[in-house]
Amino acid sequence: MKVKFWLLDVSHEPAGEASEIRLWGVDEEGRRILILDRGFNPSLYIIPSVDVEEARRRLISNPKLKKAASLVEAEERKLFGKSLTALKVEAKGQEAFETLAKALPKEGWVKEVLHGDLRASSQYLLSLDVKPCGWNQVEAREVKPPRNVKVEACFMAEGRPKAVEVLEVPSLRVLAFSPVYYSEIGSPNPLRDPVLALATVNSEGEAKVFTASESGDDRGLLEAFSSLVEAYDPDVIVGYGSNREDYPYLVQRAEKLGVRLRLDRTGHPPHQSLYGHFSVVGRANVDLLDFAEGMPEVKLKTLANVASFLGVKFEEPLEVGAGEAKRLWETGEGREKLKETCLRRAETVMGVAGVILDFAYQLSHLIGMPVDQVGAAAVGFRVDWYLIREAWRLGELAPKRVEQPYYPYKGGMVLEPEAGIHEKVAVFDFSAMYPSLMVKYNLSPDTYLPEGEREPEGGVYVAPEVGHKFRKKPPGFYKLVLEELMKARKQIRQRMKGLKPSQPLYRVLDARQKSVKVITNAVYGYSGWRGARWFRVEVAEAVAAWGRKTISDALAIAGKLNLKVIYGDTDSVFLGYEPDKVARFEAEVERQVGLEIKPDAIYERILFTEAKKRYAGLLQDGRVEIVGLEVARGDWCEAAKKVQEKVIEIVLREGDPSKAVEYVRQWIKDFKAGNFTLEDVTVWKTITKPIEEYEVRAPHVEAAKRLMAKGWKRYGDKVGYVIVKGSGKLYQRAEPYLTVSPSDVDIDYYVENQVVPAALRILQIFKINKNQLLAGIPPSKKEGLLKYF
DNA sequence: GCGACAACTCTACCA
DNA sequence: ACTGGTAGAGTTGTCGCG
């Protein structure tokens, strides 16, 4: 019989030669099903240094290799666009595959081994062009499910599955969860501290909160959570920070307590897998924090901030602070509060999931990577995997990842801005400049013509400045891929035009076009990334060079039309707005440069400092846009940002700097009078590496060290610190946020080094200096000194 | 030994 | 753990002074 299913997850049972691919999905009737496919074996491709037939004989004559191989045959393939005959070796199961992948590169007759780093389940999806989060069809017969496997129906594949183009996403069961841990000091430790509460919310809106016993025994909680997961049987489990925080904790905790955490569809706990994510067999584990990383607008990635940004409604608080959990747990009233917060968190996680999951499914489908991996995979690996799949369709083998030397190259062009205030400025953008250049000049690793090589018949494109050459024909890999992506995005957006945003299909399409855009925009960066399989720095270098040429040409055209140039960065130009010249400018650029340029925004008024990449402007619709300045940054305290924002607003809307000066003075007075919260003076900075690797004693590093002394760990997190009164270097006075009380705050530091500089950044344009901002404000007494005398 | 200044480290932004 | 270009704060090193 034919079974049609939406693929949720794929796993691999490496049972020797009887290895089995397991496809977990939802069928058309909405049943949760499992399809078993036996007899698929992972393969390797050998590029021999001898004749293929000779290579084949050599392999077969080696008993160890012969034993591991189930099939050896010559296959016509391409590598970097070059046709070649490879020797395909199918392994007898996973172990044999690993043996071959290890032994073959050492053979003298082997030049290169490819696909040795692609796991069996990946190869399966790849070779069949079957994609997760999409519909597929397979000829299969119903069988009894394997032991311990919980599904509504199980099938044995009798053919191989094939993708079916259907867009709809079936109705899935989603379960959001959020735990709260006990902790006395610092971070909770799973070997010591119990899980105090764990809340869940499902797609139907049913909520539950489990708690540890009176004495703090959380065995029952873990057991109850497992039972709930089994009973509800979700397809998707969502959490916030679950990959880096909750799963490691829950798994360790359960192990320590001897409780079996039965979260997956085989009754087992989650296990760590690719890209550091946790795999829950048969379900998709989606950590929304992974997706929040792709929202640069949200600086501090708390659940509350992300939910607010996405327009998800919730009530505060959503956090139980590390030390607070203990305190709350001790009283009946506190315990209720703790449970409420925990539940609110789970509800908010569900709310956020409602916004993000569509995108996650579509990204997974586009890239062909299971949805639980795609979130955790960095951009480079997403592109990598997308390209591997595209390559396969074109008969191309996936090159190996090879260690590459560092080779810096010149990037985009940034103009010196005309400092000051300008009225009526139009910003023009080249649409998708880098991808378009890659298509236009056929820039790709496989079209690159190394220096000294003879030029082909069809001719070459020569990159300006850098001189790299690329064959005009045939179309290169990147060109094919990018054309496909850009065409797809256009089609999707075309289809959306006939739909209302409220329609489910609109949401699916919108999510899809967004994921297409993400990949399209990442290909240039990928091409110059040393970890890329299709790495070729000359490609990236040529793209950037052509980009500089393109924008220079556009600027020259603007000059000819007597348009005033205010600023420009990489693919955008800021020009004095002259409505009657816009059409001519656009047309002339398109004619001479061959790329499309479009007006992106018109500013009524815009201000630039001397600095590049920093400006603020008032748009025609009345919105104020702030770019690059402190307001846009996450590493300045709120106080400085608020003041700067207000200064910008006054200057742009009212055009009155003296009013802004007055505002700042008043603000400082209030501030000195103690009118602020700790949040206003906290500076957040990321710990980007293990603490011992730091070469300097920076404030945020020292604050992090103080936290670590209390059991806080993990880099990659943001540390909030406050500068407190006292003497010595700044780093000696940087105290972790939450360990500080407002009376400790070194107000002078914040005035001198945060608020005034941020305000002055704007007001210096009007020749306003520090003294004018501080005039009439007496310097506060040096308390530190007074104490000693 | 001191202070001015340059060099370096670090982070986060723009495109 | 996609690229280069850029600003800015803060720490550390260096150099000339006398």
Contact class for A:R614 vs. all strands (heavy atom < 4.0 Å): base, sugar-phosphate, or nothing?
sugar-phosphate
Range on DNA chain C touched by chain A, heavy atoms, distance below 4.0 Å
C:dA1 to C:dT12
Are A:F470 and A:Y441 an aromatic pair, judged by ring center distance below 6.0 Å?
no
Please work out whether the ring planes of A:Y567 and A:F574 are parallel, tilted or perpendicular, with thresholds of 30° and 60°.
perpendicular
Tell me, yes or no, whether the heavy-atom count around A:K646 atom NZ, taken from other residues, nucleotides or ligands under 6.0 Å, exceeds 12.
no
Under-4.0 Å salt bridge between A:K641 and A:E630:
no
For a quick check of understanding: with a heavy-atom distance under 4.0 Å over all strands, which category does A:V627 fall into, base, sugar-phosphate or nothing?
sugar-phosphate
OP1 or OP2 of B:dT11 versus the side-chain N and O atoms of A:T686: is any pair under 4.0 Å?
no
State plainly whether the residues A:K410 and A:E541 are in salt-bridge range, i.e. N to O under 4.0 Å.
no
Taking A:R733 first and then A:D746, would you say they form a salt bridge - that is, a charged N and a carboxylate O separated by under 4.0 Å?
yes
So what does A:R697 touch, heavy atoms closer than 4.0 Å: a base, only the sugar-phosphate, or nothing?
sugar-phosphate
Sorted by number, residues from residues 753-769 of chain A placing a heavy atom under 4.0 Å from DNA chain C are A:N753, A:R761
Looking across every strand, which nucleic acid part, if any, lies under 4.0 Å from A:Y749 by heavy atom: base, sugar-phosphate, or nothing?
sugar-phosphate
Determine the contact category for A:K729: base if any of its heavy atoms lies under 4.0 Å from a base atom, sugar-phosphate if only primed atoms, P, OP1 or OP2 are that close, otherwise nothing.
base
Would you indicate, yes or no, if B:dC10 has its OP1 or OP2 atom less than 4.0 angstrom from a side-chain nitrogen or oxygen of A:H700?
no
May I ask you to say whether A:E752 pairs ionically with A:K770, meaning some side-chain N is under 4.0 Å from a carboxylate O?
yes
For a quick check of understanding: with a heavy-atom distance under 4.0 Å over all strands, which category does A:W534 fall into, base, sugar-phosphate or nothing?
nothing
Could you check whether A:A611 gets within reach of a base, just the sugar-phosphate, or nothing at all, counting any heavy atom under 4.0 Å?
sugar-phosphate
Could you check whether A:T688 gets within reach of a base, just the sugar-phosphate, or nothing at all, counting any heavy atom under 4.0 Å?
sugar-phosphate
Would you mind classifying the nucleic acid contact of A:F535 as base, sugar-phosphate or nothing, using non-hydrogen atoms under 4.0 angstrom?
nothing
Sugar-phosphate means primed atoms, P, OP1 and OP2; the rest is base. With that split, encode nucleotides 1-9 of chain B 5' to 3' as B, S or - using protein heavy atoms under 4.0 Å.
--------S
Just checking A:G525: base, sugar-phosphate only, or nothing, at a heavy-atom cut-off of under 4.0 Å?
base
Test A:D635 against A:K299 for salt bridge (Lys or Arg N to Asp or Glu O under 4.0 Å), laying out the working first.
CA-CA 9 Å; A:D635 58 351; A:K299 307 294 174 192; over 6 Å; no
Hey, does A:Y731 reach any base, or is it just sugar-phosphate, or nothing, if we go heavy atoms under 4.0 Å?
sugar-phosphate
